[in-house]
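To keep things clear, I will list the structure first and then write my remarks on it.
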Amino acid sequence: MPLLLHAAQDKKQADVNRRIASHRPAFHPWQMIATASMMLILSAPLLGQTTIGATEIVSYPPVPPDQRMALMQIARDTWGFYAADVDKNTHLPMDNFGANGKGTYTSAANIGVFLWAVVAANDLGLVSRPQARSTIEATLTELQGLSSYKGFLYQWYDTTTGATIKNPGDITCSADTPPTRDNCTFVSAVDNGWYASGLIVVRQAMPELADLVNSLMGRMDFSIFYDNGVETACNVNAAGQPTGQMFGGYYVGFGPASYHNGAFYSDPRIAVYIGMGLGQMPGNVWWRSWRALPPPAPYDNCAATDPNFSWEGQWPMGGYWQNYADPQSHQVFHVWEGHYTYPGTELNFVPTWAGGMFEGLMANEVVPETSWGLRSFGLNDLRTAQVQIKYATEKRHYPVWGMSPSSTADDTGNYGGFGVEGLLFPYFGFGADSTTPNLGLSQCFPCASEDVVTPHTSFLALDVLPQEAFDNIQSLLSRYPGVYGAYGFFDAVNPATGSVGHRYLVLDQSMILAALDNALNDRAMQRHFARDPVALAAHTYLSAETLSIQ
């Protein structure tokens, strides 16, 4: 549900921005981007290579026959959702439908993951290749006519007409005059990252549609999201900005959004993978983004100018400063390799921003982090799932686990930013120190509540903890039979009361199908992405870094 995700992220990032400094509104692209689509897509990729190939992906462990049968039935039911969800005239996926009605609007993220879902359904034998190709071609053809900016989709579209709208149920953007900094002029970095990921998957899974995909991707210019301001050895520059990071979005006619997606281990990193892979963002964005929010950098006169993050969820934390030479530019970057530790254990991890599981694991549905980042973010994907399980079962005493943004566990049609924040651990707020430490499990505190479990998280975890994830899926089915309907799992359940949110979201249904494609087809979705030249940047940087969580 990108609207509320965007609004929540806006609020959280704005809170961080207030704590450190205001951001400069002006933006100057760091480099000129080739205009021809084939030059963009097929120009000499990173380090002079052309592709990684799917062979460097670790094989998925064999799935026992009884589990395969159960998961295939879920896949069949979940695929049935799309026949009811996709508009027959515009071929665009609706955001949601359920007990509260239909959400006849969509976003860039919704469209991108819908493309995943069709590819996954073909991989799994749920739809024939000609049918899958026809479905995707109809949607891509519609996309060619949608209003866009530099190839990027705006925040909201009416699925019945294809028109841009200010908000769901709100006015069309043609009536929003004069233009202002609102959703009618906003293109989201993260949502368009997911959109681009869907196009890349299609290009490799169905090469016969490559020309159509290239006509859409050839317009994209991810450099508009990159803050190319003056950098220093400190966390921020002299003007108090965390330059070298990615802006959260761009307002057409106005410039970049006023906040950065600075917390790297969260869902916006998909746009970094692709922006770097297209050669439109430099390696700076990888190293200048933050793992755990850093202490003042011990360089130059940083202590006086760097932000104080002692308010964050776990402070003080373990870690060290590490120097990395960028694989492309060879520029040396000082990176705070910080980590959190689950209280009372030696379980180290890099936190997500608000403790949501898809913040951490969604990128791994397409980018093979668990194969390429064995010492970095692939390892952290495992740790994220372990922390989710440990906290939900041991501290919350829930019989099931998996907290992530989802519908609320009722039929209001609302959406919530749920996640493992460690609200049951001590938190002393601003000015924490070793005597009065903050022991939360996410960076932002409290930005999420912990009273809803969403089924899509179990499927995301199939890649890192397959048996535990399958057991949790079975437990959800047996303990809360009302959480499963004609189109698979409904979106949310309150594990304490058993109340269910009877709604299906295209975002979450598509995560489930992509995860099942990876689990049942030896990481097929990841292999599609890995074959594309864009994937080389992800491979290079994931394998170059060693997090402090070993």
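- Relative to the ring axis of Phe264, Arg291 places its NZ or CZ within 45° and under 6.0 Å from the centre.
- Residues satisfying the salt bridge (Lys or Arg N to Asp or Glu O under 4.0 Å) criterion with Arg523, sequence neighbours excluded, are Asp463.
- Two residues are said to be in side-chain contact when any heavy atoms from C-beta on lie closer than 4.5 Å; Ser406 and Phe418 meet this criterion.
- A heavy-atom distance below 4.5 Å is found between the side chains of Ile200 and Val534.
- Legend: side chain to side chain donor-acceptor pair (under 3.5 Å) pairs involving residues 134-152, not counting sequence neighbours, sorted by first then second residue: Gln144-Ser215.
- Side chain of Ser543 to main chain of His539: a donor-acceptor pair is present (N/O by atom type, distance under 3.5 Å, no hydrogens or angles).
- Not one N or O on the side chain of Gln73 forms a donor-acceptor pair closer than 3.5 Å with the backbone of Ala70.
- Looking at Ser404, its side chain does come within 3.5 Å of a backbone N or O of Phe358 through a donor-acceptor pair.
- Interatomic distance, His456 NE2 to Ser510 OG, rounded to the nearest 0.5 Å: 11.5 Å.
- When each of Tyr105, Tyr82, Tyr487, Phe490 is paired with Phe97, the ring pair (Phe, Tyr, Trp, His ring centres under 6.0 Å) condition holds for Tyr487 and for no other.
- The side-chain heavy atoms of Leu153 and Asp191, taken from C-beta on, include no pair separated by under 4.5 Å.
- Between Trp286 and Phe377, the gap from one ring centroid to the other is short of 6.0 Å.
- In this structure Phe489 satisfies the ring pair (Phe, Tyr, Trp, His ring centres under 6.0 Å) test together with Phe459, Tyr484, sequence neighbours excluded.
- Contact annotation: the side chain of Arg129 approaches that of Met206 to within less than 4.5 Å [non-hydrogen atoms, C-beta and beyond].
- At distances below 3.5 Å, at least one donor-acceptor pair connects side-chain atoms of Gln388 with backbone N or O atoms of Met403.
- For the residue pair Ser128 and Asn122, the shortest heavy atom distance occurs at C-ND2, 3.5 Å.
- Not a single donor-acceptor pair under 3.5 Å links the side chain of Asp227 to the backbone N or O of Met246.
- Taking CZ from Arg288 and CG from Asp326, the interatomic distance works out to 13.0 Å, rounded to the nearest 0.5 Å.
- Lys102 contributes atom NZ, which lies 5.0 Å from atom CE of Met94 (distance to the nearest 0.5 angstrom).
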Could you check Gln526 against Glu369 for side-chain hydrogen bond (donor to acceptor under 3.5 Å, both in side chains), going step by step and ending with a plain yes or no? CA-CA 9 Å; Gln526 292 180 349; Glu369 292 181 330; over 6 Å; no
Ile111 and Thr106: CA distance, side-chain angles, deciding distance, side-chain contact (heavy atoms from CB on, under 4.5 Å) verdict: CA-CA 7 Å; Ile111 293 167; Thr106 198; 4.0 Å; yes
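- The CG atom of Asn364 sits 8.0 Å away from the CZ atom of Arg269 when rounded to the nearest 0.5 Å.
- Thr164 is not listed as a side-chain neighbour of Asn183, based on a closest heavy-atom distance of 4.5 Å or more.
- Scanning both residues, Asp522 and Ser59, for their nearest heavy atoms gives OD1-CA, 3.2 Å.
- A ring-centre distance under 6.0 Å is not found for Tyr541 and Tyr273.
- Here the two rings, on Tyr154 and Phe186, have centers that are 6.0 Å apart or farther.
- Checking side-chain atoms of Ser376 against main-chain N and O of Leu542 turns up a donor-acceptor pair under 3.5 Å.
- Checking side-chain atoms of Asn518 against main-chain N and O of Glu365 turns up a donor-acceptor pair under 3.5 Å.
- No donor-acceptor pair under 3.5 Å is formed between the side chain of Ser266 and the backbone N or O of Pro268.
- Shown here for Leu126 and Ala75, the closest heavy-atom pair between the two residues is CD1-O, 3.6 Å.
- For the pair Arg375 and Gln550, the tightest heavy-atom approach, listed with the atom from each and the gap, is O-NE2, 2.9 Å.
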Step by step, work out the side-chain contact (heavy atoms from CB on, under 4.5 Å) result for Met217 and Leu278. CA-CA 10 Å; Met217 286 199 68; Leu278 289 170; 4.2 Å; yes
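- No side-chain donor-acceptor contact under 3.5 Å links His502 and Asp491.
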Evaluation steps, side-chain contact (heavy atoms from CB on, under 4.5 Å), between Trp290 and Gln245: CA-CA 9 Å; Trp290 294 323; Gln245 296 182 356; 3.4 Å; yes
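- Taking a cutoff of 4.0 Å between a charged side-chain nitrogen and a carboxylate oxygen, Arg527 and Glu56 do not qualify as a salt bridge.
- Defined by atom type and a distance below 3.5 Å, a donor-acceptor pair is present between the side-chain atoms of Asp95 and Asn110.
- Listed for the Arg203 side chain is no donor-acceptor partner under 3.5 Å among the backbone atoms of Asn214.
- Asp66 has its side chain out of reach of Met69: every pair of non-hydrogen atoms, C-beta onward, lies at least 4.5 Å apart.
- Between Trp401 and Lys390 the shortest side-chain heavy-atom distance does not fall below 4.5 Å.
- Aromatic rings from Tyr324 and Phe333 are positioned such that their centres are separated by 6.0 Å or more.
- Proximity of Leu115 to Ile136: side-chain heavy atoms (C-beta onward) are separated by under 4.5 Å at one or more points.
- Side-chain contact check for Ser458 and Asn472: at least one donor-acceptor pair (N or O, by modelled atom type) lies under 3.5 Å.
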When you look at Val86 and Leu92, which way does the side-chain contact (heavy atoms from CB on, under 4.5 Å) test go after all the steps? CA-CA 6 Å; Val86 177; Leu92 297 174; over 6 Å; no
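- Met281 and Phe222 get closest at one heavy-atom pair: CE-O, 3.4 Å.
- Gly488 approaches Thr78 most closely through the heavy-atom pair CA-OG1, 4.3 Å.
- Checked options Tyr195, Phe225, Tyr250; the residue passing with Phe152 is Phe225 (criterion: ring pair (Phe, Tyr, Trp, His ring centres under 6.0 Å)).
- A salt bridge links Arg133 with Glu208: the distance from a Lys NZ or Arg NE/NH1/NH2 to an Asp or Glu carboxylate oxygen falls below 4.0 Å.
- To the nearest 0.5 Å, atoms CZ (Arg383) and CG (Leu547) are separated by 9.5 Å.
- Asn284 places no side-chain N or O within donor-acceptor distance of the main-chain N or O of Gly244, the cut-off being under 3.5 Å.
- Salt bridge Arg503/Asp85: absent, no basic N to carboxylate O contact under 4.0 Å.
- Taking OG from Ser289 and OH from Tyr265, the interatomic distance works out to 15.0 Å, rounded to the nearest 0.5 Å.
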